[in-house]
Amino acid sequence: MKKEKFYSGFVTLIGRPNVGKSTLMNLFIGEKISIVSNKPQTTRNKIRSILTGEDYQIVFIDTPGIHRPTTKLGNFMVKSAQNALNEADAVIYMVEPQKNPQKIHEGDKAIIESLVSVKTPVFLAINKVDTVAKPDLLTAIDQYRQTRDFKDIIPLSALTGENTQALLKSIRGVLEPGPMYFPEDQITDQPERQIAAEIIREKALTFLHEEIPHGLAVEITKMKSRAENPDDENAEPSIVDVGATIFCERDSHKAIIIGKGGAMLKRIGQTARRDIENLLGSPIYLETWVKVKKNWRDSDFLLKNFGYDGKEL
Ligand code: GDP
Ligand code: MG
């Protein structure tokens, strides 16, 4: 049997926090892999998601936003973002148009600077076009065009899906012949435990006050099916026991996360449970705990403990 040519490659997604990178990933992959939140810097690890088409496979790397680091965790995030650029066959650099005054954000100037030596083709995705007037969009396109030679400039909306296929098509155009790295039905190489932890963290971020989120980490301590033979695909889905610990930095935070009579923790758990059940395709029994670990963001030991391992760089 003659095999058609297959194309594949790694595509890194960069951009300031909150511009819509995770939203685009979710749109392409159609499942909740990368966590979307309206608070910046919620994506900590680079999460790969995989899009397999008729004759191509794109492995996306959703990096944490590049920013100026103030803690060890911040430092790790920046390093891992820059490293992902060099691995890539293409880079999607996502921005959102600025309003009053309309000019390139300082953070974007820094990113553009860091891209100067990058040889990988860079596609500029101007996101959130559903929120700007046409003339303002044209101004933004013009301003960015003057900063560097982009392979392509694509205005789009990750939320409505407008013009996102044009971006895919453009990327597909630079892929070289290559292997199918992952089975075609696989959409991520992240272990389910980690995605479950991210789901719980997302719910906590959504419901909690602004001062807590960056000091939160979630560890899945247990994920075990009650089925006799969990690998039997024909068996009825059995309950999966999931244990999760939410780590925060202060006793006062712990009290807020638990809430009056445990109400907040219950709310986080209930909403997370639904998403984790979707993820696993089985009902789950979720138990959550809250623990205080002071300054975990500045501790090498604790960072490793939560899976932010320097070796991964
Ligand atoms: P990230 O930090 O770059 O990964 O950004 P997220 O994907 O988490 O998105 C940040 C916020 O922007 C979320 O509230 C999204 O719903 C919102 N957002 C993303 N894309 C669009 C878009 O095209 N239009 C609008 N109006 N909002 C968007
Ligand atoms: Mg994100």
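Each ligand, and each atom within it, is numbered from 1 in the order the structure gives. Sequential numbering from 1 along the given sequence is applied to the chain's residues.
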- Message: With side-chain contact (heavy atoms from CB on, under 4.5 Å) as the criterion, how do Met94 and Leu24 come out once you've worked through the C-alpha distance, each side chain's angles and the decisive distance to 0.1 Å?
- Response: CA-CA 10 Å; Met94 184 177 271; Leu24 183 71; 3.8 Å; yes
Using 4.0 Å as the upper bound for N to carboxylate O, is an ion pair formed by [Y] and [X]?
X: Lys109; Y: Glu113; result: no
X: Arg16; Y: Asp108; result: yes
X: Arg201; Y: Glu198; result: yes

- May I ask you to check whether Tyr56 and Phe6 place their ring centres under 6.0 Å from each other? no
Ligand 1 versus [X]: contacting region, heavy-atom distance under 4.0 Å:
X: Thr23; result: both
X: Thr131; result: side chain
X: Asn18; result: both

Would you check whether [X] has a nitrogen or oxygen atom less than 3.5 angstrom from a nitrogen or oxygen atom of ligand 1?
X: Val19; value: yes
X: Val129; value: no
X: Ser22; value: yes

- Please determine which of Arg226, Lys224, Lys222 meets the side-chain hydrogen bond (donor to acceptor under 3.5 Å, both in side chains) test together with Asp241.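 Going through Arg226, Lys224, Lys222 one by one, the side-chain hydrogen bond (donor to acceptor under 3.5 Å, both in side chains) with Asp241 is satisfied by Arg226 alone.
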- Task: Enumerate the atoms of ligand 1 whose separation from the nearest heavy atom of Ser157 is less than 4.0 angstrom.
- Result: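 Under 4.0 Å from Ser157, ligand 1 has these atoms: 22 (C), 23 (O), 24 (N).
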- Task: Determine, using heavy atoms of Pro17 and all atoms of ligand 1, whether some pair is separated by less than 4.0 Å.
- Result: yes
